[in-house]
Amino acid sequence: MNKVVFFTDLQKLPDALNNFDMKSFADKRVPVKLHMGEVRNKYFTKPDFVKMIIDELKKINVDPFLFDTTVAYPGLRHYVSGYQQVARLHGYTMKKIGCDIIIDDSGVIKTVENRDFEVAWHLVNSTHIIAISHVKGHIQTGFGGAIKNFGMGGVTKETKKRMHHSSRPIYNKDACTHCGVCAEVCPFDAIKVTKNNWNRNKRTCFGCGVCINACKNKAITYEDADLQYLLALSAKACLEGKNVLYINELKRMAKSCDCDPFPGKIIVPDIGYLVADDPVAIDKASLDLINDVKKDVFFKENKIDPFKQIKYGEEIGLGSSSYQLIEF
Ligand code: SF4
Ligand code: SF4
């Protein structure tokens, strides 16, 4: 069945929300899941926009709170207090937004396809969720949208760390012809190949999987699984059985994500906003609209097929890639 995805602008976005069953959100404490930006990043979702959504929710008697999780890598956002500090720096204060701002560091194990994911406590304990996802490129997963907002952003830093490790490459020297293709495509220059040697720098390897996809001889495989597959599973662990309304913001789209202090220049012109109740449909519609404006831009920039998240998401029953786009 085709999912309906509404394509709108800032002015009409509040009305577009009312195409969905917003009444079911009334009288509930509802997390508004978003990424409040890494230090020095300029492209993260802006507080004025988020306040507009919060105000709309309050009008229908929702009790919203902004919500994100701590990150796996070192830095201020590794800790609850540090992330709160960064959020304040970026304009996310209770005074400005008018609701609580909660950074979660605790989780509850949820199992999907025999894999465990520690889902943030506040998501597990909510029946209704609003997702605000800033769409942009991503150096490890091709792009980030609604699936990634939960697949990585909805779980604890221990699970984040494990997911990244799971997608690191394992080398089989018997199958290697030393062709050097993997070294050529590695975006982080982590592989060195000579006539007799193959070496991967574990410190600079991000586990993106680009080398694995490029090796025709299957001489490199995932330690466990493709990161984009794990993202889809993890998103399902966060979202299964919940009532979720997704807003994708297709603005300020750079090569790299909001976790990156230096995400690069904007590579896609601003497009607008999408609203849907399916994470796979809204991400597929986002990528299709971006491709209409600049064909394969994320793939060209990051050498990773961003549609893999969509394919995996559909395969595991996270959502549907068939959608009907309605301009609103
Ligand atoms: S692409 Fe595969 S076969 Fe070629 S050097 Fe790398 S691992 Fe070996
Ligand atoms: S997984 Fe990515 S970063 Fe690591 S060696 Fe392969 S291409 Fe390079």
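Source: prediction; values computed, not measured. Counting convention: from 1, in listed order, for ligands and their atoms alike. Basis for what follows: all heavy atoms, side chains included, without hydrogens, waters or symmetry-related copies.
- Which parts of ligand 2 touch C211 is read off a 4.0 Å heavy-atom cut-off, strictly below it: atoms 1 (S), 5 (S), 6 (Fe), 7 (S).
- Distances below 4.0 Å separate heavy atoms of C215 from the following atoms of ligand 1: 1 (S), 2 (Fe), 3 (S), 7 (S).
- Given atom 6 (Fe) of ligand 1, the protein heavy atom at minimum distance is C182 SG, 2.3 Å.
- Looking only at protein heavy atoms, the nearest one to atom 3 (S) of ligand 1 is N217 ND2, 3.2 Å.
- Remark: K51 does not engage D48 in a salt bridge, criterion side-chain N to carboxylate O under 4.0 Å.
- If you number the atoms of ligand 1 from 1 as listed, the ones under 4.0 Å from a heavy atom of I220 come out as 7 (S).
- Defined by atom type and a distance below 3.5 Å, a donor-acceptor pair is present between the side-chain atoms of N248 and S286.
- The protein atom (non-hydrogen) at minimum distance from atom 8 (Fe) of ligand 2 is C186 SG, 2.3 Å.
- Taking every heavy atom of G209 and a limit of under 4.0 angstrom, the matching atoms of ligand 2 come to 1 (S), 2 (Fe).
- Compare A175, C176, C179 by their heavy atoms: the one nearest to atom 4 (Fe) of ligand 1 is in C179.
- Numbered from 1 in the order shown, with element, the atoms of ligand 2 that lie under 4.0 Å from a heavy atom of G207 read 1 (S), 4 (Fe).
- Among the atoms of C205, none of the N, O or S atoms falls under 2.8 Å from atom 6 (Fe) of ligand 2.
- The number of heavy-atom neighbours closer than 6.0 Å to CG of D174, taken from other residues, nucleotides and ligands shown, is above 12.
- Close approach to I191 involves these atoms of ligand 2, each under 4.0 Å from a residue heavy atom: 5 (S).
- Annotation for F49: atom CZ counts as buried by contact number, over 12 foreign heavy atoms lying within 6.0 Å.
- Residue contact annotation: A214 has no non-hydrogen atom under 4.0 Å from ligand 1.
- Between D68 and K33 there is a salt bridge, since at least one side-chain N of the basic residue sits less than 4.0 Å from a carboxylate O of the acidic one.
- The residues E158 and R162 are annotated as not salt-bridged, no charged nitrogen and carboxylate oxygen being separated by less than 4.0 angstrom.
- No side-chain donor-acceptor contact under 3.5 Å links S320 and D278.
- Checked by atom type, the side-chain pair Y312/D226 shows a donor-acceptor distance below 3.5 Å.
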Problem - ring-ring contact (aromatic ring centres under 6.0 Å, His included) assessment of F6 paired with F20 - result: CA-CA 10 Å; F6 289 92; F20 297 88; 5.6 Å; yes
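- At a 4.0 Å heavy-atom cut-off, ligand 2 touches P169 through the side chain alone.
- Cation-pi geometry between K46 and F44 is met: under 6.0 angstrom from the ring centre, within 45 degrees of the axis.
- With hydrogens left out, the protein atom closest to atom 2 (Fe) of ligand 2 is C208 SG, 2.3 Å, a heavy atom.
- Near F188, the atoms of ligand 2 lying under 4.0 angstrom from a non-hydrogen atom of the residue are 3 (S).
- With a heavy-atom cut-off of 4.0 Å, K216 does not touch ligand 1 at all.
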